[in-house]
Amino acid sequence: MVVAFVDDAGVTVEPQRTFTVHAFLAFVRAEEAARRDQRAPRWVWEDTASFYPLLLAADVRVQRCHDLRLCHTILRNSSLTQSSDLAAAAPGFWDAAPALEPTIRHQGTALFELQVEADPPVDTAPEFHRQLAAVAASAEPRRIRLLLAAESAGALVAAEMRFAGLPWDIARHESLLTRELGPRVPYGVRPERLEELAGTIRALLGDRTLNPDSQQDLLKALQNAGLPVTSTQQWHLKEVDHPVIEPLLHYRKLSRLLTANGWSWLDAWIVDGRFHAEYLPGGVVTGRWAARGGGALQLPKQVRGAVIADPGWTFVVADAAQLEPRILAALSADLAMARAGHDTDLYAGIVASGVVETRAHAKVAMLGAMYGATTGESGRLLPRLARAYPRALALTEAAARTGERGDIVTTRLGRSSPRPPDAWLAGQAQAYAASASGADERRARSQARDWGRFTRNFVVQGSAAEWALCWMAEIRQQLWLLDNTAPAAGLGPGIFASAPHLVFFLHDEIIVHTPIALAEQVTTLVGRAATSAGKLLFGDFPVDFPLTVATVANYADAK
DNA sequence: CACAAGCGCCAC
DNA sequence: AAACGTGGCGCTTGTG
C-alpha cells in the first residue's frame, strides 16, 4: 500500500512510502497514538466503507478521514461548487457506484478475506486536488468544507457502529416470537397462531382456500362477502364494521413480525449477540443515511425490547426534540418560531403563542408545511401557521416553487437536490406546446407539484441530516477524549470492549452503549454536542436543539 | 429460473 | 381522518 504525505493544501511534505498490509496497520496505529494530543492526521481514501473495516478488524481506529467518493458526490451536485472543474468534468470513476465491499459480519473475520486496494489501484491524489480546488473556489468554502468533514466523519461512525453492533438479546426476542406466534416452525410453514387466524378468516369469509397473504385474493374475498372495500390497507379496513376485520388485522400484524423480524431475521443478522447493521451514509438524496439488509432504520417498536445492554453497561438513548421544525426556524431565521421552541416543546410553544388550540394541531400543521399538505386538517391549519411564522412558511413555499420550475435547492451546508429527470422536463415542455391537450397540462401541473413537494422537503430534511451528522461527529470525538483518559484505551485489542461507543442511529436519534459508571458523563456530552451542532450550522441564531435523553438497560424503556 | 412491479407496512 | 416528504423489505403476481 502506498501512503503519500500532504498538507492541508494538498502539497507533498514528505516522500511517499510503501507498506505491506500489516506494516500499514502498524503505521496507522502508531500515527494515531503519537498524535493523540495534537491534531490527528486526516486519512484521505477512496471509500471508507471498503477500507475502514480492515483497520477496525485489526483494532485500529482513526480520528479523521476524507472520503473521496462521498465528497465527490456532494461537490459534483452542489450549487456552491457548480463552476468547478470537478463539476464540469464528464462523469467518471468517482461517479460510479463503489466496488463491492468486503463482507465483515463480525470481528472474527480474517484479514486475508479483505480486499485492501481497488483492482487496479486508484490514483487518489488528482481527485483530492480537484476537490480541494472546488472547495477553495466555492462561494461558501466554510460551509462546504464543514459538510465534507461531517459526511466523512459520518462514514467513520457508520463503519464503527456496524463493527461494534447493537447488543441484541436473542433469548428475549425468541420468547417474544413464541408468545405472539407460537413455537418456532421451519421457514415456509405458518406458525400456529397465524394458522389459527387464517382459519378464522377463511371461515368468516366463506372461502376455504383463501391465502390471506395474497392481496388480490383477499380483496376479492372481502368484496364477495359484501364488504365495501377497494383496498386492504389497515386504515381502510379499520373503517369497516365486520367480524373478519379484527382477526385479519391481527393476522397482518403477526405476519409482519414473522417476515420482517422473525426467526430467519435472527439467524441472518444477529451474530455474537449483536445486530451489525450496515448503514449507507449519503444513501438518500437528501443526505440522510440509508441502510441495507436487516431493516436497521425500520426496527419496529415491537422488537426493541430485545435490545439489552451488557451486564454492567447501559444505554444512553437521545433523540432531538422536534428537530425538523427547529431546523426550519433557523434556516429561515424565523425568530418567532425559534422563540416558540425556546425552553419548551416547540409544538407546545406554538399552542402557548395562541396559533392553534392543541399540540396535535401544531404538529400536523408543521408537518404539513414541511411536506406540502394541501387538504384535510393540515391544509386547514396552514394559513394560521403562515400568519404566525411568515418567514418559515415563505422558505418552504419558495423551495416548492423552485422545484416546480425545475430548478435545484440547496441545504444549509451545501448539498443540492438533483435535477428533475428528463421525462419530467419533457412533460413540462410538452404542456407548453401548441398541441398540448388539457390532459397533458393537468399531468404536467401535477408532476410539477410533486417535484415541488420534494424540493420543499429536501431543504429541511437535508439540513436536519447535516445537523445530525455534526451532532454524531461531535459525540464521537468527545467519546474518544473520554476514552483517552484511560491509558492506551482505544488502540489496543477490542477497541470498543471497555469504552462507551455509538451503537445506533435513526435520523434524529442515537444510542450510546456505555459502562454504567460513565452514563452521566455521556449524557452531558451528548447534550453539549447537540448545542455545538446548532452553532456549527446556524452560528449565533437563537435556536435551541433540546434532547430527550434516557438512560436505560432496555431500548424499549427509552420512550 | 430470475427479475421487476405493485402492494402493504415499518421507521423517521 | 387519510394524503403529504425520505427510505427498506417481504410477499404475490406477471413477464422474459
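Each chain gets a letter, A, B and so on, in the order the sequences are listed, and its residues count up from 1.
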- Task: Please identify each residue that fulfils salt bridge (charged side-chain N to carboxylate O under 4.0 Å, His left out) with A:R193, with sequence neighbours left out.
- Result: A:E196
- With A:K238, which residues qualify under side chain to side chain contact (heavy atoms under 4.5 Å, CB included), at least two apart? A:Q234, A:L249
- Message: Restricting to side chain to side chain contact (heavy atoms under 4.5 Å, CB included), what partner residues turn up for A:A150, sequence neighbours left out?
- Response: A:L469, A:C470
- Query: Contact boundaries of DNA chain C with chain A (under 4.0 Å, heavy atoms), 5' to 3'?
  - Reply: C:dA2 to C:dT13
- Item | Within residues 190-207 of chain A, residues whose heavy atoms come under 4.0 Å of DNA chain C | none
- Is it true that A:E466 and A:R143 make a salt bridge, defined as a side-chain N closer than 4.0 Å to a carboxylate O? no
Run the side-chain donor-acceptor check on residues 442-452 of chain A: report pairs under 3.5 Å with partners two or more places apart or on a different chain.
from	atom 1	to	atom 2	distance (Å)
A:R443	NH2	A:D440	OD1	3.4
A:D450	OD1	A:R453	NH2	2.3

- Message: Under 4.0 Å, counting only non-hydrogen atoms across every strand here, what does A:V460 touch: a base, just sugar-phosphate, or nothing?
- Response: nothing
- Contacts to DNA chain B from residues 211-249 of chain A, heavy-atom cutoff under 4.0 Å, which residues? A:Q215, A:T232, A:Q233, A:Q234
- Under a 4.0 Å heavy-atom cut-off, which of residues 250-259 of chain A touch DNA chain B? A:R252, A:K253, A:R256
- Could you check which residues of residues 360-394 of chain A get a heavy atom under 4.0 Å from DNA chain C? Sort them by number, please. A:Y371, A:G372, A:A373, A:T374, A:T375
- Keeping to residues at least two apart or across chains, list the salt bridge (charged side-chain N to carboxylate O under 4.0 Å, His left out) pairs with something in residues 252-264 of chain A. none
- Which two nucleotides bound the region of DNA chain B that has atoms under 4.0 Å from heavy atoms of chain A, read 5' to 3'? B:dC7 to B:dC12
- Please round to 10 degrees the angle between the axis of the first five pairs and the axis of the last five pairs in the helix from B:dC1-C:dG16 to B:dC12-C:dG5. 10°
